[in-house]
Number of protein chains: 2
Amino acid sequence: MTESERVPAERKRRRPTSSGVVLSADLIVDAACELIDAQGAQAFTVRKLGAALGADPSAVYRYFRNTEDLLLALADRLIGESMAGFGPSGDWAADLRELGMRAYRSALRHPQIAVFSTVRVTGRPHEQRAVDTGVGLLLQAGFDEATAVRHYHALVDTALGHAALDAGVLRLAPAQRAADEQAWQAQYGSLPADEYPSLHRVREHLPLMAGSAVERALDLLVAAMRREAAERGE
Amino acid sequence: MTESERVPAERKRRRPTSSGVVLSADLIVDAACELIDAQGAQAFTVRKLGAALGADPSAVYRYFRNTEDLLLALADRLIGESMAGFGPSGDWAADLRELGMRAYRSALRHPQIAVFSTVRVTGRPHEQRAVDTGVGLLLQAGFDEATAVRHYHALVDTALGHAALDAGVLRLAPAQRAADEQAWQAQYGSLPADEYPSLHRVREHLPLMAGSAVERALDLLVAAMRREAAERGE
DNA sequence: AGGTTACGTCAACACCGTTGACACAAGGAT
DNA sequence: ATCCTTGTGTCAACGGTGTTGACGTAACCT
């Protein structure tokens, strides 16, 4: 399932492209990353990737079976980046939260990829390292094997799920985003108290729903785990 | 922001299409729903929608500004469907969990739409009703206004985030899904104990990560809220 | 020096969303 | 009953997309 199955990991014939660049899987992933960073995920296309590389778009298919395969490679790089410099602090719960936030941030940075990184098993080093770290924290907290796996799964998927969601916001043009927020205020700010009693009561606090809920969701998850571990230890 | 701004809500000139169908915004949303259900979200295109309707694809643009607009209309219908028949049981925490699962299921049914339903403010009746219900449960539990809004936000976004994530799995062809799962077993099942100690220890339980983590995530969230409410009440 | 072949290039295919021009029938007005 | 306006379905077209197969050439191995 890795691209090395499809293509020999080491290349012998390195032939420069017409513009002089010598291609490689790594270089292509680099370019894809930059492209997404600079132009937004929406702007990522094989053809633009080719242009950015100074090569024919179809050259990409010598290195990756298709675009999904390429995004898969990108995913593992992301995981690696997000884990760089991470060191356990000793508070396993805080570390888990940090792990989740790291996953969230890196996934959000390249929204297109967020979905793939959990759906597909990259099975590559970075992914394995991250899973090992997270599960290790939960084992250290005293959970049994099955529960550790389950809780890790819940935490990471929640972080990545929020990333997938929040990515949608970033895709909107700023102008539209602003217009949407105003529409929100108008729609929800003045609802009849008799039909929507709860909404009416909390109307002043509705702007709280504007941002992302990751942090709060992770806080709640970690709190529940902490409590569970404490009870387990009694 | 609703489509009625763009197009008069009531149409006078109802002209049948060449195949005899009389179009309407509702009918188009119907067809889009069926199309996604039958062929998968990936298969949804304006052109196929036109074919399914027995009309020229471009006729859709008389009713919706663009595809995003159409998906927005679909989103509110989904929210409505998901809330149909919901009645509070008296246990606010269980009800909240149920609310989250309903959001998850309906979003997952039409993955393409999942993202839009939270990103954009539909501001339509169904959405408002759902928010009012959820916030109401939290107020009833004794949370203050701001906390109720925050917790509702976390819960719903988590449910929808997982839906967005899990939607990716459904998009894979069954054969590929199976191949992926096997690759998973192979990659993770036999890792060196010295390099990946935690992974090695839990290796028998890794298949737990195959399915969705929604239920476990929601369980944890609700447990944390329940605990918080209990402490608040003391 | 020669043969193999990996790999960059090119052209083409079948799609996609969206738009502008156009024709025509539905409905209101007379 | 007739005319006019106009809403709306149709058509053709544009510029984009991912992907593929044929092709030639340059890079490596012997």
Side-chain angles (χ1 to χ4, degrees), chain A residues 3-28 31-32 35-36 39-74 112 116 171 173, chain B residues 3-4 6-28 31-32 35-36 39-74 112 116 171 173 176:
Chain A
E3 98 264 359
S4 41
E5 284 184 25
R6 151 140 286 253
V7 151
E10 297 176 29
R11 308 224 161 194
K12 300 295 168 73
R13 317 278 173 90
R14 327 289 313 280
R15 180 164 155 191
T17 168
S18 68
S19 71
V21 192
V22 175
L23 293 182
S24 73
D26 258 356
L27 188 67
I28 293 175
L35 198 60
I36 294 180
Q39 311 224 21
Q42 197 77 334
F44 174 77
T45 69
V46 177
R47 296 173 122 97
K48 284 184 190 158
L49 178 57
L53 281 166
D56 189 276
S58 63
V60 171
Y61 294 97
R62 298 274 177 217
Y63 297 83
F64 301 95
R65 208 174 314 145
N66 47 39
T67 33
E68 178 164 330
D69 231 38
L70 169 56
L71 291 175
L72 207 57
L74 247 170
Q112 290 277 40
F116 290 94
R171 235 198 18 199
Chain B
E3 97 265 359
S4 44
R6 150 139 287 253
V7 152
E10 296 176 30
R11 308 225 161 193
K12 298 296 169 69
R13 317 277 174 92
R14 326 290 311 281
R15 180 162 155 191
T17 168
S18 68
S19 72
V21 192
V22 175
L23 294 181
S24 73
D26 259 355
L27 188 68
I28 292 175
L35 198 60
I36 293 179
Q39 312 223 21
Q42 197 76 333
F44 174 76
T45 69
V46 176
R47 295 173 122 97
K48 284 182 190 159
L49 179 58
L53 281 165
D56 189 276
S58 64
V60 170
Y61 294 96
R62 299 272 177 219
Y63 295 84
F64 301 95
R65 207 176 313 145
N66 47 38
T67 32
E68 177 164 332
D69 231 40
L70 169 56
L71 290 175
L72 207 58
L74 248 168
Q112 289 277 42
F116 289 94
R171 235 198 18 196
Q176 196 176 21

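If you're wondering where the values come from, they're calculated on a predicted model, not measured in any experiment. Below, chain A is the first sequence line, B the second, and so on; all start at residue 1.
One atom, CG of A:Asp56, and another, C1' of D:dG21, lie 13 Å apart when rounded to the nearest Å. As rounded to whole Å, 18 Å separates atom P of C:dG17 from atom CZ of B:Arg65. At whole-Å resolution of the value, CG in B:Asp69 and C1' in C:dT18 are 14 Å apart. At whole-Å resolution of the value, CD in B:Glu68 and C1' in C:dG17 are 13 Å apart. Atom CG in B:Leu49 sits roughly 14 Å away from atom C1' in C:dC16 (whole-Å rounding). Atom CZ in A:Phe64 sits about 18 Å away from atom C1' in D:dT20, given to the nearest Å. Following rounding to the nearest Å, B:Tyr61 (OH) and D:dA12 (P) show an atom-to-atom distance of 18 Å. The OH-P distance, from B:Tyr63 to C:dT18, rounds to 18 Å in whole Å.
Across the interface with DNA chain C, nearest-nucleotide mapping of B:Val46 and A:Ser18 shows A:Ser18 to be the residue nearer the 5′ end.
For A:Ser24 and A:Asp26, the side-chain atoms include no donor-acceptor pair closer than 3.5 Å.
Side-chain contact between A:Leu53 and A:Leu27 is present, with heavy atoms from C-beta onward closer than 4.5 Å. At least one side-chain heavy atom of B:Ile28 sits less than 4.5 Å from a side-chain heavy atom of B:Leu70. For the pair A:Tyr61/A:Val46, a side-chain contact is recorded, criterion being any heavy-atom separation below 4.5 Å from C-beta on. Considering only heavy atoms from C-beta on, B:Thr67 stays 4.5 Å or farther from B:Leu49 through its side chain.
Residue-level contact check: B:Ala59 touches the bases, meaning some heavy atom is under 4.0 Å from a base atom.
Nearest nucleotide to the side chain of A:Thr17, out of C:dT19, C:dT9, D:dT17: C:dT9. The side chain of A:Leu23 lies closest to C:dG8, out of D:dT19, C:dG8, C:dG17. In this structure, the nucleotide among C:dT18, C:dC7, D:dG9 sitting nearest to the side chain of A:Arg62 is C:dC7. Side-chain proximity of A:Pro16 to C:dT19, D:dA27, D:dT10: nearest is D:dA27. In the set D:dT17, C:dT19, C:dG17, the nucleotide with an atom closest to the side chain of B:Ser58 is C:dT19.
For D:dG16, the base has no donor-acceptor partner in the side chain of A:Arg47 [N/O atoms by modelled type, under 3.5 angstrom]. Scanning atom types as modelled, no donor and acceptor separated by under 3.5 angstrom connect the side chain of B:Thr45 and the base of C:dC15.
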